[in-house]
Amino acid sequence: MTTFADLGLSPKVLSAVTDAGYTIPTPIQAGAIPPALARRDILGIAQTGTGKTASFVLPMLTLLEKGRARARMPRTLILEPTRELAAQVAENFEKYGKNHKLNVALLIGGVSFDEQDRKLERGADVLICTPGRLLDHTERGKLLMTGVEILVIDEADRMLDMGFIPDIERIAKLIPFTRQTLFFSATMPPEIQKLADRFLQNPERIEVAPPSSTAKTVTQRLVATHSKDYEKRSVLRDLIRAQDDLKNAIIFCNRKVDVADLFRSLDRHGFSVGALHGDMDQRARTTMLANFKENKLTLLVASDVAARGLDIPDVSHVFNFDVPIHAEDYVHRIGRTGRAGRSGAAFTLVSKRDGKFVDAIEKLIDQKIEWLNGDIDALPPQAESEERPRGGRERGGRDRDRSRGRNTRGEPRAETRTETSEAQEKVEAVKAERKTEGRPQAPARNPRAANHAAPRPANDDSRDRRSRYRRDDDDGPTPLGFGDEVPAFMLIAGKA
DNA sequence: AAAAAAG
């Protein structure tokens, strides 16, 4: 059997790999490392979870030992579609490059230029970048890339989806034509093939099957629900509480606003929860992810920024709060669990309108997904007799005080409300707010509009504004267009 | 019906 020792890696790299506890390479590693070491171009078709990152990091480290360092000139460049992925690759360089004296610069957006500039001035051997920030640096004239010998384009299909290809082309023009290029993509649609043809010269093509663990070790279920968000939140809470083997979970929403909404809701219901989406500031993103990885947070509500590539080992559950619009996203999402042969569970909330998306998913994965408790048609009619479970303390919750890693300030939570006073209180709250706003004619605010996803500016914590954020949380929609005239009963729509 | 990435 092939071991890492057979692949031609340098002793320094090999010892770091051994220290990390690995002896047997994955198929993509066994296939890509030898030709990469021989300076061949690589076309790697592999998904996350196949060991793809090490398949370029390890040979790059070995090759970097051979050439000689040039003053202030990066010799390798890695392009990643998201900031988190770039950061993750940087971690890999630290881990496997611990016996090397390499300077690694992580050039991603959302953080200040200062530290990145300092690193570049000191001289970086390895650049790990998202395209926008890299171009920003080159345009500022601080970065010359004529010394780059190895270019890695990772997750090419995703780069295409995200419209990065023109940026990639521009970047490629700044790098010598004689470079070695390592090109990775999870899928190979015609556009990607064309792109690969343009970027690669006589590449070694390595294709590995998607990790088989995905379909086999993950228990997948559909969960019927009505389409209103508060119904879905309630169903989700029940579902989470019903899991007795839940260690940690990612909950996916299709939209950033819904990530923010659901995060606030679960937080207020006492769950240990974080959020991750692309409109959050980078510090919050980083802390959230770190806290989740360290198990300081049990649940992570996320957009598809977290669907692909992020290496979060050992997620026991995935919940799809929304059915993904594109079937491939479903595969990526549930690929967050059941990794490395572990078992996992994936639940997808489905309402009537999601039917065609579910069909597309079942077609793509070529299997029917079972319903948990009967399908949509077996669902009792909307809400009528259903008591939505409420109340402060939940099983999933830990300390109420955790405010770590959030960009909202800690504040006492209204958790002592009782079921009976709740409706009345809500009516009062809405009336009070209208008064303080001094705009009696203004239409009642749609909760979704108030719950915008972008983090609030740090200095914005006026009371009335906060109460507006708080009020709407879980209580269903406020009807639009009634001005001050909304009948009280309508403010508790969905409860009655 | 979306997300992501440069500010």
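Lettering follows sequence order; numbering is per chain, from 1.
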Practice item. Provide, to the nearest angstrom, the distance between the OH atom belonging to A/Tyr330 and the C1' atom belonging to B/dA1. Key: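 Checked: the OH to C1' distance equals 19 Å.
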
Regarding [X] and [Y], is there a side-chain donor-to-acceptor distance under 3.5 Å anywhere?
X: A/Thr181; Y: A/Arg179; value: yes
X: A/Asp197; Y: A/Gln193; value: yes
X: A/Arg333; Y: A/Asn320; value: yes

Review point. For A/Tyr230, does its backbone N or O pair with a side-chain atom of A/Ser234 as donor and acceptor, under 3.5 Å?
Key: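 No, because the side chain of A/Ser234 does not come within donor-acceptor range (under 3.5 Å) of the backbone of A/Tyr230.
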
Check your understanding: With a cut-off of under 6.0 Å to the ring centre and 45° to the axis, is A/Arg140 in cation-pi contact with A/Phe113?
Key ->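 Checked: cation-pi criterion met.
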
Exercise for review: List the protein contact pattern of nucleotides 2-7 of chain B with one symbol per nucleotide (5' to 3'): B for base contact, S for sugar-phosphate-only contact, - for none; contact means a heavy-atom distance under 4.0 Å.
Suggested key: BBBBSS

